[in-house]
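Have a look at the structure below, then the notes.
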Amino acid sequence: QVQLVESGGGLVQAGGSLRLSCAASGMSVSAYAMAWYRQAPGKQREFVAGITSGGATSYVGSVKGRFTISKDNAKNTVYLQMNSLKPEDTAVYYCQGTTAWGQGTQVTVSS
């Protein structure tokens, strides 16, 4: 069965950085598009960043220039480098691929 496990979340001050990881099993990130979503309390889950099997990337406008999605096919892992974090980035971040979702990792940005 496909499993996605996120890690790297935590508490940071505004302007700080975090690197999230999504370790995949039961599938190859080289063969599928992968994405990061986030969900803040009381809000719908929203798309944050995506990467195609070929490596093309896309981002929601609010994170462009600050976040970078990447992957290491050999490690079967997808990353989200988050720089210049803002309080409005506070959310649970989820990794998604094929029909699978990870359990989420909490990112909290204090002002």
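Computed from heavy atoms alone, side chains included, the values below leave out hydrogens, waters and symmetry copies. We number each residue from 1, following the sequence as shown.
Although no hydrogens or angles enter the test, the distance criterion places no donor-acceptor pair under 3.5 Å between the side chain of E88 and the main chain of T90. Under the 3.5 Å distance criterion, the side-chain polar atoms of K75 are left unmatched by any main-chain donor or acceptor of A23. Between the side chain of D72 and the main chain of T77, no donor-acceptor pair closer than 3.5 Å is present. Side chain of E6 to backbone of T105: no donor-acceptor contact under 3.5 angstrom is found. Side-chain atoms of T52 come within 3.5 Å of backbone atoms of G54 as a donor-acceptor pair (strictly under, hydrogens ignored).
One hydrophobic cluster, built from ILVMFWY side chains closer than 4.5 Å, holds both V2 and V78. Placement of V107 and V63 within a single hydrophobic cluster is found when ILVMFWY residues are connected by side-chain heavy-atom separations under 4.5 Å, directly or transitively. Cluster membership for I69 and M27, using ILVMFWY side-chain heavy atoms within less than 4.5 angstrom, is shared. Cluster annotation: Y37 and Y59 are assigned to distinct hydrophobic clusters (Ile/Leu/Val/Met/Phe/Trp/Tyr, side-chain heavy-atom contacts under 4.5 Å, transitive). A continuous path of hydrophobic side-chain contacts links Y32 to V29 [ILVMFWY only; heavy atoms under 4.5 Å].
Closest approach of A40 to A91, counting heavy atoms only: N-CB, 3.8 Å. When all heavy atoms are compared, the tightest approach of L80 to A49 is CD1-CB, 4.1 Å. Minimum interatomic distance between S53 and S30 (heavy atoms only, all atoms of both residues): CB-O, 3.4 Å. Considering every non-hydrogen atom in both Y94 and G102, the closest pair reads CD2-O, 3.5 Å. The nearest pair of heavy atoms linking S17 to N83 is OG-OD1, 2.9 Å. Nearest heavy-atom pair across L4 and G97 is CD1-N, 3.5 Å.
Between the CG atom of L18 and the CZ atom of F67 there is a distance of 9.0 Å, given to the nearest 0.5 Å. In this structure, NZ in K71 is found 10.0 Å from OG in S28, a value given to the nearest 0.5 Å. Taking CD of E46 as the start and OG of S62 as the end, the distance is 5.5 Å to the nearest 0.5 Å. Rounded to the nearest 0.5 Å, atoms OG (S111) and NZ (K86) are 13.5 Å apart. To the nearest 0.5 angstrom, S58 atom OG is 9.5 Å from I51 atom CD1. One finds the CD atom of Q39 at 11.0 Å from the CD atom of Q106 (value rounded to the nearest 0.5 Å).
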Is there a side-chain contact (heavy atoms from CB on, under 4.5 Å) between W36 and M82 once you walk through the steps? CA-CA 12 Å; W36 288 94; M82 305 185 294; over 6 Å; no
